[in-house]
Amino acid sequence: MLELNEIEQSRKNRIAEIRAQGIDPFGRRFDGALPVISVLERWEALTGQTVRVRGRVMAIRGHGKACFLVLADMSGRIQLYVRSDDLQEPGYEWFRQYIDSGDIIGVEGSLFVTRTGERTIAVSKVWLLSKAVRTLPEKFHGLTDVELRYRRRYVDLMVNTDVRDTFVMRSTIVSNIRTYLTARGYLEVETPMLQPIAGGATARPFVTHHNALDEDLYLRIAPELYLKRLLVGGFERVFEINRSFRNEGIDTVHNPEFTMMELYEAYSDLDGMISLTEDLILKLANEVTRSPVVQFGDQTIHFAGPFARTTFDHALRQYAGLSLEDLRDPMVARRAIEQFGIHMDKSFEYANVVNEVFDKMVEPNFVDPTFVHDYPVEISPLAKRMPDQPHLVQRFELFVGGMEVANAFTELNDPIDQEERFAEQAAAKASGDDESQSMDLDYVRALQYGMPPAGGLGIGIDRLVMLLLGQESIRDVILFPVLKRREQQD
RNA sequence: GGGCCGUUAGCUCAGGUGGUAGAGCAUCUGCCUUUUAAGCAGAGGGUCACAGGUCCGAGUCCUGUACGGCUCACCA
């Protein structure tokens, strides 16, 4: 049972009074209302007519036998003027007695402009649509406590319009990505979230148990291997925008569940993925958010084409002073790890060393969008080798604001090579590297049936939204970020 | 997991060196029929995150715990 304070208890009592009068304090449907924004936009045309709006009472300013309210709906806010002379139903006394800020009401009235020039609805009828027991946060400072904002996002959204704008914009971005891909012939599909083998990425999965099957299942860490099975099946362009789950740390760029867009295009390759990625992101920055220059903390990001390009080896030489070849020497590798202050608790495998050095020394340098391509095969078990340099693969990652936001490759469609790569991963896993990928024999079997040459791309939607909107924490672009449960649920 | 910081009324915040809790908004009462962070007068509202400890006395000092933020580590 939630505890109520004095104010909340008295409101609860008034709800009982309202009910005793035969009025439902939690209302019913309300028809004929216009969104606030369209009342404001069609002001001249609507002046002289009776209009209806509905929404939440955000403020009441009493003025003797009249009062001003601020009414908010999803589209905006408008001022209401309730005058005892003009209010037909209910009576003004009832209205003042039983309507509080925070309540959801419907009103009918006519438009006028106050002396101070504010467009206002003079209200003649009011319907109580839902009574609030709890009070709104302070009207000036709003809700600023970060923990409360995340735990009670519904309150955050009510009072912090910039927060709401962020999530509206996120929705717009996602919907534009969907439209963009659909228009280009990509089929949106849904693949398993519950997987017997969590593949397609290197990460620790969440484990769950299916009772009827009496089998453990994993929440997916990536949809990749299933989407590529669809290429085998004959779907030539597919994409999925959905959640993946990784059982790892939480910080400003990691939430345990996050949204990925992955797409696969048969008969394309890495170059196709580069132009697609660049075109898509530039369109979003220029046409959707309309902010190609974004302030991201103390970094200024310029979304302008063409994005910078460099190779993995070149970037490594530039920022770490070492080449991929240099790091093959265990002595050099150890010295580098020490010199760069990298804490290795994984094995000194080449793949791990390369990853660590790149993450620590190279990645943070890429503020403006930068494609890094030509990755070492050891850290890319699902990408196709470069024909002339078999120790490298046709893969890029896109870095923006020091974060990885996209990862793409020419897909490995050679089942023999794929099986060997899985075997190497499985060996690393057996020797203690619990983040290596698992052998997925059915995926190998799928490749044995023949998968067309293809390009594949994954974009971290949360991070992309962060960058496009200048939000520094992933929690500020996820409506309900994962938080630790509190003992008392208030 | 480590370090630093935070947690006081529904919300936003004050509370030097320890002396028993304050403001604004919100709420309630009265006044006020074009205000807008409306205004004026008054009132109520607190397990100072939780548990120990030191002390005659703890919101304040100490220890631990919980939750959160930043950061490092882990990790894409």
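Here is the naming used below: chain letters follow the sequence lines, and residue numbers restart at 1 for every chain. Side chains are part of it too, since the values below use all heavy atoms of this structure and drop only hydrogens, waters and symmetry mates.
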Handout entry: Whole-Å C1' distance, B:U20 and B:G46
Key = 13 Å

Would you measure the distance from the P atom in B:A49 across to the matching atom in B:G15 and give it in whole Å? 15 Å

Quiz prompt | Integer angstrom distance from the P of B:C61 to that of B:U7 | solution = 11 Å

Tell me whether the side-chain N/O atoms of A:Arg246 come closer than 4.0 Å to OP1 or OP2 in B:C75. no

Stems with RNA chain B, 3 or more Watson-Crick or G-U pairs in a row (under 3.5 Å), are B:1-7 with B:66-72, B:10-13 with B:22-25, B:27-31 with B:39-43, B:49-53 with B:61-65

To the nearest angstrom, the CD1-P distance between A:Ile78 and B:U35 comes to 17 Å

Output one line per pair: protein atom, nucleotide atom from nucleotides 10-14 of chain B, and distance, for all N/O pairs under 3.5 Å.
residue, atom, partner, partner atom, Å
B:G10, O4', A:Asn5, ND2, 2.8
B:C11, O2', A:Glu138, N, 3.1
B:C11, O2', A:Gly142, O, 2.9
B:U12, OP1, A:Thr144, N, 3.1
B:U12, OP1, A:Asp145, N, 2.9
B:U12, O3', A:Thr144, OG1, 3.3

Does A:Val253 offer a backbone N or O that forms a donor-acceptor pair with the side chain of A:Asp251 under 3.5 Å? yes

Is there any protein nitrogen or oxygen under 3.5 Å from a nitrogen or oxygen in nucleotides 30-33 of chain B, and what are the pairs?
residue, atom, partner, partner atom, Å
B:C32, N3, A:Gly64, N, 2.9
B:C32, N4, A:Gly64, N, 3.4
B:U33, OP2, A:Lys65, N, 3.4
B:U33, O4', A:His63, O, 3.4
B:U33, O2, A:Arg83, NE, 3.2
B:U33, O2, A:Arg83, NH1, 3.3
B:U33, N3, A:Asp85, OD2, 3.0
B:U33, O4, A:Asp85, OD1, 2.5
B:U33, O4, A:Asp85, OD2, 2.8

The correct set of residues in residues 455-484 of chain A placing a heavy atom under 4.0 Å from RNA chain B is A:Arg475, A:Leu483, A:Lys484

Rounded to whole Å, CG of A:Asp156 lies from P of B:G69 at a distance of 13 Å

Residues of residues 101-114 of chain A with a heavy atom under 4.0 Å from any atom of RNA chain B, listed by number, are A:Phe112, A:Thr114

For A:Ser244, the side chain to side chain donor-acceptor pair (under 3.5 Å) test, sequence neighbours excluded, returns none

**Rounded C1' spacing from B:A51 to B:A58 in Å** = 15 Å

> Distance between the C1' atoms of B:A73 and B:C11, in whole angstroms?
Replying inline: 36 Å

Check: What nucleic acid atoms does A:Asp86 come within less than 4.0 Å of, heavy atoms only: base, sugar-phosphate, or nothing?
Finding: nothing

